[in-house]
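I have placed the structure first, in the form of structure tokens, so that the comments after it can refer back to it.
Counting convention: from 1, in listed order, for ligands and their atoms alike. Remember, predicted model here, so these are calculated numbers, not experimental data.
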Amino acid sequence: MTRHSRIMGCGAYLPERVLTNSDLAKTLDTSDEWIVARTGIEHRHIAAEGETTADLATHAATAALRNAGVDIKDIDLIVLATATPDFTFPSTATQVQERLGMTWGAAFDVQAVCSGFIFALATADNFIRAGQAKAALVIGAETFSRILDWSDRRTCVLFGDGAGAVVLQAGEGAPGPEKPGIISTHLHSDGRYRDLLYVDGGPSATQTVGHLRMSGREVFRHAVVNLADVVHEALGANGLKPDDIDWIVPHQANKRILTSTAKKLDLPIERVVVTVEKHANTSAASIPLALAEAAEDGRIQPGHLLLLEAMGGGFTWGAALIRW
Ligand code: ACO
């Protein structure tokens, strides 16, 4: 019997402290006007001192379980996407597992930076399809504020902290117009572009945590091309066309990337879930943050066709096609 996985619920968490563009302009040669015009970002949330990625992730996971009406006893897999783990090891996933009181099943991290949530979702979906898991928590959680160079205006204004999560459960058969579920996932990476977006530290190379470095223009150019390509790939694999999509739920990097990608697909921006203005780029957390908001406020309705897409350091990029 064919199996598929279905999203049963989602949850989100943003740290309490809000840092506005004007706050940044007090210590940095930047302005609210520049940041809004170039990125669409109005403010970001910053984790409190001592508040870690695992803390954010646990809040989001708890909210997702509640929203799904699923008990932790029924979860047998946690896949957590992060580029900002609490420690080099153990994984942040196992810390969340412990906090949720889960002493069975498996928990591990995946690292694909801003594409992390798509990679984690694809991993959990494939575990469920293969019959190796019955129900999974898929989490994207980041504290990018800890790896930013706060004196570099070209990067530090772009990112924020946050977490989002979904609960997946196995279902029989294949998803269809009347049957919600993950239809397909599509993953890519190309290590040749490492130097365009990277962190200049790590346990093996430098024994430091390092800071994020980016060639913004180059990343922008690759992002628009790769994202449009992977959306076409996901649609083509399922005999669908852009107009069939009810909602694009993209990685929230920059409003101009979202607008340019929608334009390349000939889709109106009104069909793109945009939340970047409220939390900036939260890397692996941004898709589940956007998903939770649009599901909560009723934009996403049962039966809708969703296209999730992301691109990040590596480069990595990917998409997931979902019937809600
Ligand atoms: N405030 C004021 N001025 C700034 C700032 C700032 N925060 N940052 C850069 N500038 C200045 C630059 O110094 C430069 O000045 P100069 O001409 O005197 O040298 C000028 O603005 C133009 O700089 P560019 O880098 O060419 O600006 P651009 O229009 O490309 O916008 C941006 C920069 C917003 C980073 C853009 O390239 C971008 O969005 N890139 C995508 C990067 C991204 O989103 N990465 C996230 C991770 S990957 C992903 O998630 C897809």
**Asked** Of all residues at least two apart in sequence or in a different chain, which pass the salt bridge (charged side-chain N to carboxylate O under 4.0 Å, His left out) check with R221?
**Response** E218
**Message:** What I'd like to find out is whether the side chain of L100 reaches to under 4.5 Å of the side chain of T62, using heavy atoms alone.
**Reply:** yes
N/O to N/O under 3.5 Å, ligand 1 against protein:
residue: ligand 1; atom: 1 (N); partner: T30; partner atom: OG1; Å: 2.7
residue: ligand 1; atom: 3 (N); partner: W34; partner atom: NE1; Å: 3.4
residue: ligand 1; atom: 3 (N); partner: R153; partner atom: NH1; Å: 3.4
residue: ligand 1; atom: 7 (N); partner: T30; partner atom: OG1; Å: 3.2
residue: ligand 1; atom: 7 (N); partner: R153; partner atom: O; Å: 2.9
residue: ligand 1; atom: 13 (O); partner: R153; partner atom: NH2; Å: 2.9
residue: ligand 1; atom: 26 (O); partner: R217; partner atom: NE; Å: 2.8
residue: ligand 1; atom: 26 (O); partner: R217; partner atom: NH2; Å: 3.2
residue: ligand 1; atom: 27 (O); partner: R38; partner atom: NH1; Å: 3.3
residue: ligand 1; atom: 29 (O); partner: R38; partner atom: NH1; Å: 2.6
residue: ligand 1; atom: 30 (O); partner: R217; partner atom: NE; Å: 3.2
residue: ligand 1; atom: 37 (O); partner: G216; partner atom: O; Å: 3.3
residue: ligand 1; atom: 37 (O); partner: R217; partner atom: N; Å: 3.4
residue: ligand 1; atom: 39 (O); partner: N254; partner atom: ND2; Å: 2.3
residue: ligand 1; atom: 40 (N); partner: G216; partner atom: O; Å: 2.9
residue: ligand 1; atom: 50 (O); partner: H251; partner atom: NE2; Å: 2.8
residue: ligand 1; atom: 50 (O); partner: N281; partner atom: ND2; Å: 3.4

**Message:** Could you work out, with salt bridge (charged side-chain N to carboxylate O under 4.0 Å, His left out) as the rule, every residue matching R66, not counting sequence neighbours?
**Reply:** none
**Asked** Can you name the nearest heavy-atom pair linking H43 to K278, along with the distance?
**Response** CD2-O, 3.0 Å
**Prompt:** Salt bridge or not for R213 and D149, using N-O below 4.0 Å?
**Reply:** yes
**Item:** Any residue meeting salt bridge (charged side-chain N to carboxylate O under 4.0 Å, His left out) with D229, in chain and number order, not counting sequence neighbours
**Value:** none
